[in-house]
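What you see below is based on every heavy atom in this structure, not just the backbone, and it leaves out hydrogens, waters and symmetry mates.
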Amino acid sequence: MRDVQSFTFRREELFPVADRLREEFLNAKPFRHVVIDDFLPPSVLEPVLAEFPEPRDASWQRFDDAREIKLALADTERMGPATRSLLAEFNGGVFVEFLERLTGITHLVSDPHLEGGGLHQIRPGGFLKVHADFNKSRKLNLDRRLNGLLYLNKDWEESYGGHLQLWNTDMTACEHKILPVFNRFVLFATTDDANHGHPDPLTCPEDRARRSMALYYYTNGRPEEEITTDHSTLFKERPGEKWTFNARQVAKRWTPPALVELFGRDKRE
């Protein structure tokens, strides 16, 4: 078994997987996606879990409003060595070649900045409402084409919730739910109608959290039928859903980010 220090993605192992799952990805509904279980050797993920920052760690970027209550970390200086090593493999040439072979999207570029990606964590009661992702990287000035999500939740029960929901284009129905179990990798095409999220509050025990690693991939341009005006995250209400921001959340939305971070850090210390 390979541990994270010696682990590398290998074409001889990945390319048969790409060939086997290509048609499934291309024909998936409600939009192009594929789910791959037991994606990595467990020994590679064990040290990543061991060094995964706890929710109270000051490293996390904190989101808290009516559309999302979650934690995110993209700064690799604040991650452990096992995590940095695995992220480097996901951003490396062999894995990018695998993605191109699986999806048919050529000239993919990984994101060393992990803009919007990296580590994600959602605590009990947290959620991420259904949305379509931002369609262009500000740092790279490239078009966002693929999302890769690796889940890190051992012994995750159906009753805990946290399913990744995939909704149809007109937001009338959830067509697929994916439980975020350990070592499950989800890949999907990033378009304006790729409506997805974890919209229901998490119900896991207080000592648990929904943990994942997020990777995004880009190209210089995209198919004409996918071109729209550049935009940030497009949150979308489900049927009968109405978001209500409380007074604190409203104040936070209109407070400069530097002040939010300053006061949030003081409160945590």
Side-chain angles (χ1 to χ4, degrees), residues 4 7-9 11 14 18 25 31-34 36 39-40 44-45 48 51-53 59-63 68 70-122 128 131-152 164 184-192 194 196-198 211-223 226-234 257:
V4 74
F7 174 76
T8 58
F9 284 117
R11 294 178 181 88
L14 287 179
F25 173 85
F31 48 84
R32 288 169 292 164
H33 74 275
V34 70
I36 310 175
F39 189 61
L40 296 171
V44 172
L45 294 183
V48 174
E51 65 188 24
F52 204 95
S59 301
W60 293 103
Q61 181 182 7
R62 298 165 189 272
F63 298 85
E68 53 186 337
K70 69 174 188 178
L71 307 174
L73 176 59
D75 185 353
T76 54
E77 282 192 353
R78 296 175 178 268
M79 299 177 189
T83 304
R84 294 197 302 270
S85 179
L86 185 55
L87 284 170
E89 283 299 308
F90 275 117
N91 280 331
V94 173
F95 193 75
V96 170
E97 289 176 28
F98 160 71
L99 295 177
E100 291 177 334
R101 189 172 179 122
L102 171 58
T103 67
I105 302 174
T106 58
H107 308 298
L108 284 170
V109 177
S110 58
D111 178 15
H113 306 288
L114 302 175
E115 182 181 354
L119 302 182
H120 292 167
Q121 184 165 209
I122 295 180
L128 176 59
H131 62 282
D133 290 310
F134 67 84
N135 60 353
K136 196 150 191 171
S137 166
R138 293 168 295 178
K139 289 182 177 291
L140 301 176
N141 195 31
L142 296 174
D143 293 272
R144 184 168 168 182
R145 302 297 303 283
L146 290 172
N147 279 26
L149 301 172
L150 178 67
Y151 292 110
L152 302 170
L164 175 66
R184 172 170 283 174
F185 182 72
V186 180
L187 179 73
F188 62 89
T190 312
T191 58
D192 284 3
H196 65 283
H198 151 37
R211 295 175 168 180
S212 60
M213 182 178 287
L215 302 309
Y216 306 142
Y217 301 89
Y218 299 82
T219 58
N220 183 11
R222 66 192 312 140
E226 294 183 8
I227 296 175
T228 60
T229 303
D230 295 355
H231 61 75
S232 58
T233 304
L234 302 174

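- To the nearest 0.5 Å, the span separating CG on Leu14 from CG on Leu102 amounts to 10.0 Å.
- In His231, the NE2 atom is crowded: over 12 heavy atoms of neighbouring residues, nucleotides or ligands sit closer than 6.0 Å.
- No side-chain heavy atom of Leu142 sits less than 4.5 Å from a side-chain heavy atom of Lys136.
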Given the rule in the side-chain hydrogen bond (donor to acceptor under 3.5 Å, both in side chains) test, do Asp133 and His196 qualify, once you have shown the distances and angles that lead to the verdict? CA-CA 9 Å; Asp133 290 310; His196 65 283; 3.2 Å; yes
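- Between Phe39 and Phe9, the angle of the ring planes lies from 30° to 60°, which puts this pair in the tilted group.
- Taking the six-membered ring for Trp and thresholds of 30 and 60 degrees, Phe95 and Phe98 have ring planes inclined between 30 and 60 degrees apart.
- Taking CG from Leu99 and OG1 from Thr106, the interatomic distance works out to 12.5 Å, rounded to the nearest 0.5 Å.
- Between Ile122 atom CD1 and Arg211 atom CZ the span is 12.5 Å, to the nearest 0.5 Å.
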Step by step, would you call Asn135 with Thr228 a side-chain hydrogen bond (donor to acceptor under 3.5 Å, both in side chains)? CA-CA 8 Å; Asn135 60 353; Thr228 60; 3.2 Å; yes
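- Across every non-hydrogen atom of Thr219 and Ile105, the tightest pair is CG2-CG2, 3.9 Å.
- A heavy-atom distance below 4.5 Å is found between the side chains of Leu87 and Leu215.
- A cation-pi geometry, defined here as NZ or CZ lying under 6.0 Å from the six-membered ring centre and within 45° of its normal, does not hold between Arg184 and Tyr151.
- Side-chain contact between Arg145 and Thr103 is absent, with no heavy atoms from C-beta onward closer than 4.5 Å.
- A side-chain donor-acceptor contact under 3.5 Å links His33 to the backbone of Phe31.
- When all heavy atoms of Ser110 and Val96 are compared, the pair lying nearest together is CB-CG2, 4.3 Å.
- The line from CG of Leu108 to CG of Asp111 is 12.5 Å long, rounded to the nearest 0.5 Å.
- The shortest side-chain heavy-atom distance between Gln121 and Pro53 does not fall under the 4.5 Å cut-off.
- To the nearest 0.5 Å, atom OG1 of residue Thr190 and atom OH of residue Tyr216 are 8.5 Å apart.
- To the nearest 0.5 Å, atom CG of residue Asp143 and atom CD of residue Glu226 are 9.0 Å apart.
- A donor-acceptor contact shorter than 3.5 Å is absent between the side chain of Glu97 and the backbone of Arg11.
- Checked by atom type and distance alone, the side chain of Arg84 pairs as donor or acceptor with a backbone atom of Met79 at under 3.5 Å.
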